[in-house]
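Reviewing the structure listed below.
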Amino acid sequence: MMSEMLSIIQLGHPILRKKAAEVENIQDQAIQQLVDNLIVTVCEANGVGIAASQVAQPYCVMIVASRPNPRYPHAPQMEPTAMINPRIIAHSSTVSKDWEGCLSIPGIRGLVPRYESVEVEYTDRNGKIQRQWLTNFVARIFQHEYDHFDGIVFLDRLESNLDIVTDQEYQKLVINNI
Ligand code: ZN
């Protein structure tokens with residue numbers, strides 16, 4: 001079957017606040033199709049990550065797809081990676097704040113505190129268990145998408161409303177901070 005871009009639901013849609021269900025059969029064709037469609041969707045939308053809940057399919061499936069793009073000009077390059085039923089095994093004691101946005105919350109960026117590194121375990125799309133340490137921006141993407149499984153969005157993690165800016169102001173900030 002062909003992959004297609006899926007429509008992304010926005011903040012206010014009740015599914016974004018719903019807890020996601022674990023995937024039982026990764027080889028299921030509907031799950032494989034979902035993974036393909038999520039990869040197309042996150043790339044087309046210039047995202048660096050997406051959770052299945054954002055396309056109204058509340059399963060524990062995320063794509064981490066860091067790459068430089070107009071929304072995140074300084075993002076590191078990596079292959080889009082599907083992480084299914086992931087969990088955090090360990091994390092750094094250090095937390096840092098950096099800018100995040102969300103495809104489900106257009107036009108807004110926030111300075112979000114996250115662990116600088118996380119050790120994660122997940123099942124890949126071939127059904128193989130993977131375990132690895134993620135650091136910095138990629139660790140941040142993972143924690144952002146992982147929150148979607150619990151119905152949490154980045155706005156819930158902000159320390160202050162003063163840490164919110166519009167996309168337009170964010171663009172000025174990143175351009176000035178190179
Ligand atoms: Zn998001």
Side-chain angles (χ1 to χ4, degrees), residues 5-23 31 34-76 78-88 91 95-118 120 122 134-161 163-171 173-174:
M5 186 175 180
L6 304 172
S7 70
I8 297 170
I9 61 173
Q10 296 193 353
L11 187 65
H13 192 302
I15 290 182
L16 266 190
R17 294 308 199 169
K18 216 175 124 100
K19 207 167 158 54
E22 295 247 314
V23 173
I31 293 297
L34 174 62
V35 167
D36 286 334
N37 290 344
L38 283 170
I39 290 171
V40 169
T41 304
V42 73
C43 292
E44 291 282 318
N46 286 323
V48 290
I50 194 167
S53 299
Q54 293 179 269
V55 296
Q57 299 194 54
Y59 291 102
C60 296
V61 176
M62 68 165 79
I63 309 295
V64 179
S66 177
R67 61 185 177 131
N69 69 46
R71 292 181 73 248
Y72 296 94
H74 308 304
M78 67 179 279
E79 276 299 306
T81 304
M83 300 184 181
I84 301 162
N85 300 336
R87 60 196 182 98
I88 295 175
H91 59 77
V95 168
S96 66
K97 287 209 296 190
D98 206 350
W99 294 105
E100 291 182 23
C102 181
L103 294 172
S104 296
I105 310 172
I108 285 182
R109 302 287 178 131
L111 267 182
V112 187
R114 302 281 187 194
Y115 297 120
E116 284 178 359
S117 51
V118 284
V120 303
Y122 62 91
L134 307 177
T135 56
N136 300 321
F137 191 65
V138 177
R140 176 171 295 280
I141 298 169
F142 180 93
Q143 291 169 84
H144 176 117
E145 306 312 335
Y146 191 71
D147 270 352
H148 277 302
F149 296 158
D150 287 325
I152 295 169
V153 299
F154 78 90
L155 295 175
D156 305 332
R157 298 273 186 202
L158 298 178
E159 289 172 349
S160 161
N161 284 340
D163 289 338
I164 303 176
V165 300
T166 65
D167 237 338
Q168 189 179 315
E169 291 299 318
Y170 168 77
Q171 294 299 335
L173 284 170
V174 275

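Every number for a ligand or one of its atoms is a count from 1 in the order of the listing.
- Contact between Pro80 and Ile39 at its shortest, heavy atoms only, is CB-CG2, 4.0 Å.
- For residues 36-53, the pairs satisfying salt bridge (charged side-chain N to carboxylate O under 4.0 Å, His left out) are Asp36-Arg125, with sequence neighbours left out.
- By the 30° and 60° cut-offs, the orientation of the rings of Tyr146 relative to Phe149 is perpendicular.
- Taking the side chain to side chain contact (heavy atoms under 4.5 Å, CB included) definition, one finds that Thr135 meets it with Ser117, sequence neighbours left out.
- Remark: Asp147 pairs with Arg114, Arg157 by the side-chain hydrogen bond (donor to acceptor under 3.5 Å, both in side chains) rule, at least two apart or across chains.
- Protein N/O/S atoms closer than 2.8 Å to the Zn ion (ligand 1), listed by chain and residue number, are Cys102 SG, His144 NE2, His148 NE2.
- Ser104 and Leu16 make their closest contact through CB-CD1, 3.7 Å (heavy atoms, listed as atom of the first residue, atom of the second, distance).
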